[in-house]
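Okay, so here's the structure we're looking at.
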Amino acid sequence: MLQLQVLRQDPQKAKDKLGIKNFAEPQLVDQIIALDEERKKLQQDFDSNQAKVNSTSKEIGALMAKGQKEEAETKKQEVATLKVALQPISEKLDVVEKQLHDELVKLPNLPADIVPPGKTPAENIVVREGGSKPQLFAGAVPHWDLIKKYDIVDFETGAKITGSGFALFKGQGAKLQRALIQYFLDYNTAAGYTEYHPPFMVNEASAFGTGQLPDKEGQMYHMPEDKYYMIPTSEVPITNIYRDEIVKATDLPIKMTGYSPCFRREAGSFGKDVRGLNRVHQFEKVEVVQIVHPDKSFDVLDEMVLHIEKLLQSLELPYRILRLCGGDMGFASAITYDFEVYSAAQEKWLEVSSVSNFETYQSNRMKIRFKDDNGKTQLVHTLNGSSLALPRIIACLLENNQTSAGISLPAIVSKYTGFDKIS
RNA sequence: GGAGAGAUGGCAGAGCGGUCGAAUGCGGCGGUCUUGAAAACCGUUGAAGCGCAAGUUUCCGGGGGUUCGAAUCCCUCUCUCUCCGCCA
């Protein structure tokens, strides 16, 4: 969530920024500032009364020790009166604090200065492109046909076991997926990221910490019996490793990577975009997360973009990098770059990674702090990115590398699969 | 699933209902000493809110209660550990 001080300092700027994100209720900023003022007044009122209660109580103790019962009784009466007066103040304070929190949590992160305005993906900015689109032979087909032809992913049986949108990988398909996970993790750890294998379910506090709750509640699978959520990305458990901690400045940056399946209900999405591996309810993904000094986060963002770009280059896939416009960005993000790969048989770009700087939005929720050079406690910045989401990578690898005699895999991939051709 | 024990500051570990935001040790930071380091010694060292400041309020797993006063008593929830059972 946003830091109150940012809103207080320049409410108009905050509202303008929210406008770039197409946030519908900028007036919330004013409401929040008003609530905060009220909170302060109540707090002061409460404090002065409570101070009196405390000091009088101490006097009672002293009087009792001296055996001055009568005087003590008089003081007790005083305290009782004070407490009666305190009761409504304290109740009001609780209400206002809760209101303030509830409203503040509704505000998305403010976009960084270089985030372009815009409402739809059409307004995203292409930062750069790489690789070259392949020329497919005449009989080339989309991946949903290829997976059937080579019998490597079976959606029908997945639907039988679970439901629609759950893929059953098989044979060379299963091996390809496992190999890619292995490769991506190796690639990340070689760059200094520590590998984690997190729990695939999280509690409410964790889901709140990274911003999934309350904003994206409907997107997650939920186990009400135990109040757990299936993770929509390993960003959630991995970033929450440091929740409620004050880390040493010298430990920054903290670089973490992890593989996990990601579970998404994708409620309300349907149509041709969801065909095959384009959109599924469970997909595999390797994630990178960094916890950094606030002065460094934009440098680190560039570093992470480069890191993922090189990974895509090694896969020999045509890609492009987009800077998302305000309207297309996630709730908690201050700036996001999306990576898309070109799916040659579908003739469209598929998102395979999203790299974001959350600045203090997540750390303020999770209370991840560090001590700066002056010994003051400050919030860290958090960033994360996919490296990479598997199904769409697989879709592109299949489509772009298909030949009439099977699918030939890029060198780096075949090194991990142990075979260079799917046939 | 059954029985029991516990949850205190970065860690370990004390804490009679008032003088406890909390002993002590370790660790961290600063200093003395030293050519430098180690050792030793001295000092310092939790978080959050309000306030220019002095200061003040809140926090001893979460929530509730008893009391003039709760880290200390009661209830409840969560988590951890031990034993038994079950089990990949």
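By convention in this document, chain letters (A, B, ...) are assigned in the order of the sequence lines, proteins followed by strands, and residues within each chain are numbered from 1.
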Return each pair, listed once, that meets side chain to side chain donor-acceptor pair (under 3.5 Å) where at least one residue sits in residues 59-70 of chain A; pairs must be two or more places apart or across chains.
-> A:Glu59-A:Lys75

Atom pairs and distances, donor-acceptor, side-chain atoms in residues 247-254 of chain A, under 3.5 Å, two or more places apart:
none

Specify the separation, in whole Å, of atom CD of A:Glu245 and atom C1' of B:G9.
-> 14 Å

Rounded distance (Å) that lies between atom P of B:G46 and atom NZ of A:Lys248 | 16 Å

Just list the side-chain donor-acceptor pairs under 3.5 Å for residues 146-174 of chain A, sequence neighbours left out, or say none.
{"unit_1": "A:Tyr150", "atom_1": "OH", "unit_2": "A:Gly406", "atom_2": "N", "d": "3.4"}
{"unit_1": "A:Asp151", "atom_1": "OD2", "unit_2": "A:Lys170", "atom_2": "NZ", "d": "2.6"}
{"unit_1": "A:Asp154", "atom_1": "OD1", "unit_2": "A:Glu156", "atom_2": "N", "d": "3.0"}
{"unit_1": "A:Asp154", "atom_1": "OD1", "unit_2": "A:Thr157", "atom_2": "N", "d": "2.9"}
{"unit_1": "A:Asp154", "atom_1": "OD1", "unit_2": "A:Thr157", "atom_2": "OG1", "d": "3.3"}
{"unit_1": "A:Asp154", "atom_1": "OD2", "unit_2": "A:Thr157", "atom_2": "OG1", "d": "2.4"}
{"unit_1": "A:Gln172", "atom_1": "OE1", "unit_2": "A:Ser423", "atom_2": "N", "d": "3.3"}
{"unit_1": "A:Gln172", "atom_1": "NE2", "unit_2": "A:Lys421", "atom_2": "O", "d": "3.0"}

Watson-Crick or G-U counterpart of B:G69, or none if no pair lies under 3.5 Å | none

Lys/Arg N to Asp/Glu carboxylate O, A:Arg39 vs A:Asp36, below 4.0 Å | yes

Please measure how far the C1' atom in B:A70 lies from the corresponding atom in B:C20, and state the result in whole Å.
-> 11 Å

If we take the P atom in both B:A7 and B:C73, what is their distance in whole Å?
-> 11 Å

Using Watson-Crick or G-U wobble geometry with both distances below 3.5 Å, tell me the partner of B:A40, or none.
-> B:U32

Does B:G6 have a Watson-Crick or wobble partner in any strand here, with both distances under 3.5 angstrom, and which is it?
-> B:C79

Can you tell me, in whole Å, how much space there is between the P of B:C16 and that of B:U72?
-> 11 Å

Integer angstrom distance from the P of B:C59 to that of B:A40 = 39 Å

Only counting residues at least two apart or in another chain, list the ones meeting ring-ring contact (aromatic ring centres under 6.0 Å, His included) with A:Tyr416.
-> A:Tyr183

Looking only at atom C1', what distance separates B:C11 and B:G28, rounded to whole Å?
-> 11 Å

Is a salt bridge present between A:Lys52 and A:Glu78, judged by a nitrogen-to-oxygen distance below 4.0 Å?
-> no

Donor + acceptor pair across side chains of A:Ser333, A:Asn109 (<3.5 Å) = no

So, is A:Asn54 close to the B:U57 phosphate, meaning a side-chain N or O under 4.0 Å from OP1 or OP2?
-> yes

For B:C83 and B:U67, measure between their P atoms and round to the nearest Å.
-> 42 Å

So which protein nitrogen or oxygen atoms get under 3.5 Å of nucleotides 48-51 of chain B's nitrogens or oxygens?
{"unit_1": "B:G49", "atom_1": "O3'", "unit_2": "A:Arg39", "atom_2": "NH2", "d": "3.1"}
{"unit_1": "B:G49", "atom_1": "O2'", "unit_2": "A:Arg39", "atom_2": "NH2", "d": "2.8"}
{"unit_1": "B:G49", "atom_1": "N2", "unit_2": "A:Asp47", "atom_2": "OD2", "d": "2.4"}
{"unit_1": "B:C50", "atom_1": "OP1", "unit_2": "A:Arg8", "atom_2": "NH2", "d": "3.4"}
{"unit_1": "B:C50", "atom_1": "O2'", "unit_2": "A:Gln44", "atom_2": "NE2", "d": "2.6"}

Interface polar pairs with nucleotides 67-72 of chain B, N/O, under 3.5 angstrom:
{"unit_1": "B:C68", "atom_1": "O2'", "unit_2": "A:Ser57", "atom_2": "OG", "d": "3.0"}
{"unit_1": "B:G69", "atom_1": "OP1", "unit_2": "A:Lys83", "atom_2": "NZ", "d": "2.1"}

Rounded to the Å, how far apart are A:Asp244 CG and B:U78 C1'?
-> 15 Å

Between CZ of A:Arg243 and P of B:G61 the distance, given in whole Å, is 17 Å

Can you tell me the pairing partner of B:C86 across any strand shown, Watson-Crick or G-U wobble, with both distances under 3.5 angstrom?
-> none

Distance in angstrom units between A:Asn203 CG and B:G61 C1', rounded = 14 Å

Expressed in angstrom and rounded to an integer, what is the separation of A:Lys367 atom NZ from B:G46 atom C1'?
-> 17 Å

Sorted by chain and number, sequence neighbours left out, side-chain contact (heavy atoms from CB on, under 4.5 Å) with A:Glu123 holds for A:Lys119, A:Thr120, A:Cys325

Find the distance A:Asp251:CG to B:G27:P and express it as a whole number of Å.
-> 18 Å

Could you check which nucleotide pairs with B:C50 in any of the strands shown, counting Watson-Crick or G-U wobble with both distances under 3.5 Å?
-> B:G55

Residues forming a ring-ring contact (aromatic ring centres under 6.0 Å, His included) with A:Phe298, sequence neighbours excluded = none

Relative to A:Phe283, does A:Arg264 satisfy both conditions: NZ or CZ under 6.0 angstrom from the six-membered ring centre, and within 45 degrees of the ring's axis?
-> no

Could you give the distance separating B:A38 and B:C52 at their C1' atoms, to the nearest angstrom?
-> 46 Å

Can you give me every donor-acceptor pair (side chain of residues 221-230 of chain A, partner residue at least two apart or in another chain, under 3.5 Å) with its distance?
{"unit_1": "A:Tyr221", "atom_1": "OH", "unit_2": "A:His281", "atom_2": "ND1", "d": "3.4"}
{"unit_1": "A:Tyr229", "atom_1": "OH", "unit_2": "A:Glu217", "atom_2": "OE2", "d": "3.1"}

Should B:G25 form a Watson-Crick or G-U wobble pair with both distances under 3.5 Å, which nucleotide is its partner?
-> B:C11

Send over the distance from A:Phe46 CZ to B:C59 C1', rounded to a whole Å.
-> 12 Å

On a whole-Å scale, what distance lies between the C1' atoms belonging to B:G25 and B:U45?
-> 15 Å

